[in-house]
Amino acid sequence: MPAARESLLDAAHTALGRRPWSAVRMVDVAAAAGVSRQTLYNEFGSKDGLARALVRREADAYLAGVERALVSHAEPRERLAAAAEWTVSAARGNALVRAMLTGCWAERLPSPTLSAVPSSSAVPAQRRADGPLPSPGDFVGLVRDRAVASLTVPGVSKSEASELARACELVVRLGVSCVLAPAGEGGTAGMVRDALTTVRSVS
C-alpha cells in the first residue's frame, strides 16, 4: 500500500512538527492519514518502525536533492556550490535532516539506532528501513561519491580522480559545517567557490 504508507509518513512528519516524538500517538497518525490503526501497524510494525521509516524517507529525499543540485548547472564549481547550498537549506527546513547530518538528535526527535534491527516485516520498504541507517560519516561518503560520479569525465587520470574526490569531500564537509555555523558574507556557495579556486580538477 504505497499510497497509505506515504500518507502515514506525511502524517507522522506533520505530527512531529507540532509535538515531541514521545507525544506522537499511533492512533492519531492513523486518523490523520485516514487509515485504520491496523493498517499503520501492518506497514511499520511499531512506533519504532514508523520512526525508522520516517528517517529513511527523509534521508532518501535529502540525497535526491543532492542529485538534483549536481545537475543544476553546467560548471562543476557551480554544481558543487549548489549541492552545498542544498545541504544547508535541507537541514534548515527539516529537523530530521539536520540531526542525520550532524548526529545531534534533539530530545523532541525520534532517535532510532543506526544499526540494523531485526525485521519480520512483509513490506519491502519497511525491511529496508529496518536495515542500517546512515550516520553523519556515511552521508559524507554518499554525497561525495555522488558528486564524484557527476563530475568525472572520460580519460581522467588517477591523480586527477583522487584530487576530485578530495575536493568533493571538502565541499560536503563545508556544507555540513555551514549547517552548524552558518556562513557569513557570500554564503555557503561563496565559501565553496573560494575553497575550490585552486583545485585544478574542478574547473
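The model shown is predicted, which means the values in this text are computed figures rather than measured ones.
Exactly one residue among Ser135, Pro132, Pro134 makes a side-chain contact (heavy atoms from CB on, under 4.5 Å) with Leu114. That residue is Ser135.
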(message) The test is side-chain contact (heavy atoms from CB on, under 4.5 Å); show your working for Lys47 and Arg25 and say whether it passes.
(response) CA-CA 8 Å; Lys47 188 176 179 183; Arg25 301 189 315 155; over 6 Å; no

(request) I would like to know whether Asp10 and Ser7 meet side chain to side chain donor-acceptor pair (under 3.5 Å); could you show each step before the answer? (result) CA-CA 5 Å; Asp10 287 343; Ser7 295; 5.4 Å; no

(message) Checking Leu151 against Leu164 for the side-chain contact (heavy atoms from CB on, under 4.5 Å) test, could you report, in this order, the C-alpha distance in whole Å, the side-chain angles of both residues, the deciding distance, and whether it holds?
(response) CA-CA 8 Å; Leu151 300 177; Leu164 176 61; 4.0 Å; yes

(request) Before giving the answer on side-chain contact (heavy atoms from CB on, under 4.5 Å), spell out for Thr87 and Val179 the whole-Å C-alpha distance, their side-chain angles and the decisive distance to 0.1 Å. (result) CA-CA 8 Å; Thr87 292; Val179 169; 4.1 Å; yes

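Between Thr39 and Ala4, the shortest heavy-atom distance links the atoms CG2-CB, 4.4 Å. Summarising the geometry of Asn42 relative to Val123, their closest heavy-atom pair is O-CG2, 3.7 Å, with the distance given to 0.1 Å. The two residues Ala51 and Pro110 come nearest to each other via the heavy atoms CB-CB, 3.7 Å. Among all heavy-atom pairs drawn from Ala183 and Cys178, the shortest one is CB-SG, 3.8 Å. Across Leu109 and Ala99, no two heavy atoms sit closer than the pair CD1-CB, 3.8 Å. For Ala61 against Trp86, the heavy-atom pair with the smallest separation is O-CZ2, 4.1 Å.
Residues Glu58 and His13 are in side-chain contact: their nearest non-hydrogen atoms beyond the backbone lie under 4.5 Å apart. In this structure the side chain of Val66 never reaches within 4.5 angstrom of the side chain of Leu142, judged on heavy atoms. Using a 4.5 Å heavy-atom threshold, the side chains of Leu80 and Cys168 count as touching. Looking at heavy atoms from C-beta onward, Leu196 lies in side-chain contact with Val192 at the 4.5 angstrom threshold.
Linking Ile, Leu, Val, Met, Phe, Trp and Tyr residues whenever their side-chain heavy atoms come within less than 4.5 Å places Val55 and Leu16 in a single cluster. Put simply, Leu50 and Val117 are part of two different groups of oily side chains (I, L, V, M, F, W, Y) that touch within less than 4.5 Å, one to the next. Under a hydrophobic clustering in which Ile, Leu, Val, Met, Phe, Trp and Tyr are joined whenever their side-chain heavy atoms come within less than 4.5 Å, directly or via other members, Leu101 and Val171 fall into the same cluster. By the criterion of side-chain heavy atoms lying less than 4.5 angstrom apart, applied directly or through intervening Ile, Leu, Val, Met, Phe, Trp or Tyr residues, Leu63 is grouped together with Leu54 in one hydrophobic cluster.
A donor-acceptor contact shorter than 3.5 Å links the side chain of Thr102 to the backbone of Arg98. Thr188 places no side-chain N or O within donor-acceptor distance of the main-chain N or O of Gly175, the cut-off being under 3.5 Å. Of the possible polar contacts, one joining the Glu160 side chain to the Ser157 backbone as a donor-acceptor pair under 3.5 Å is found. Ser89 places no side-chain N or O within 3.5 Å of a backbone atom of Glu85 that could act as its donor or acceptor partner.
The residues Glu75 and Arg79 are annotated as not salt-bridged, no charged nitrogen and carboxylate oxygen being separated by less than 4.0 angstrom. With respect to Asp60 and Arg128, a salt bridge is recorded, a charged nitrogen being found less than 4.0 Å from a carboxylate O.
In this structure, the separation between CG on Leu70 and CD on Glu78 is 12.5 Å, given to the nearest 0.5 Å. Atoms CD and CD, from Gln38 and Glu43 in turn, are 11.0 Å apart once rounded to the nearest 0.5 Å. Atom CZ of Arg5 sits about 9.0 Å away from atom CG of Leu8, to the nearest 0.5 Å. In this structure, CD on Glu169 lies 5.0 Å from CZ on Arg144, to the nearest 0.5 angstrom. Rounding to the nearest 0.5 Å gives a distance of 6.5 Å between CG of Leu174 and CE of Met191. The distance from atom CD of Glu107 to atom CH2 of Trp21, rounded to the nearest 0.5 Å, is 15.5 Å.
The closest side-chain donor-acceptor pair between Ser121 and Ser119, if any, does not fall under 3.5 angstrom. In this model, a donor atom of one side chain and an acceptor atom of the other lie less than 3.5 Å apart for Arg166 and Ser162. Judged purely by distance below 3.5 Å, without hydrogens or angles, the side chains of Gln126 and Arg52 never pair a donor atom with an acceptor atom.
Other residues, nucleotides and ligands contribute over 12 non-hydrogen atoms within 6.0 Å of the CZ atom of Arg108. Counting non-hydrogen atoms of other residues, nucleotides and ligands closer than 6.0 Å to CZ of Arg127 gives a total above 12. Annotation: Arg173, atom CZ; neighbour count of heavy atoms from other residues, nucleotides and ligands within 6.0 Å does not exceed 12.
By the 30° and 60° cut-offs, the orientation of the rings of Tyr62 relative to Phe139 is perpendicular.
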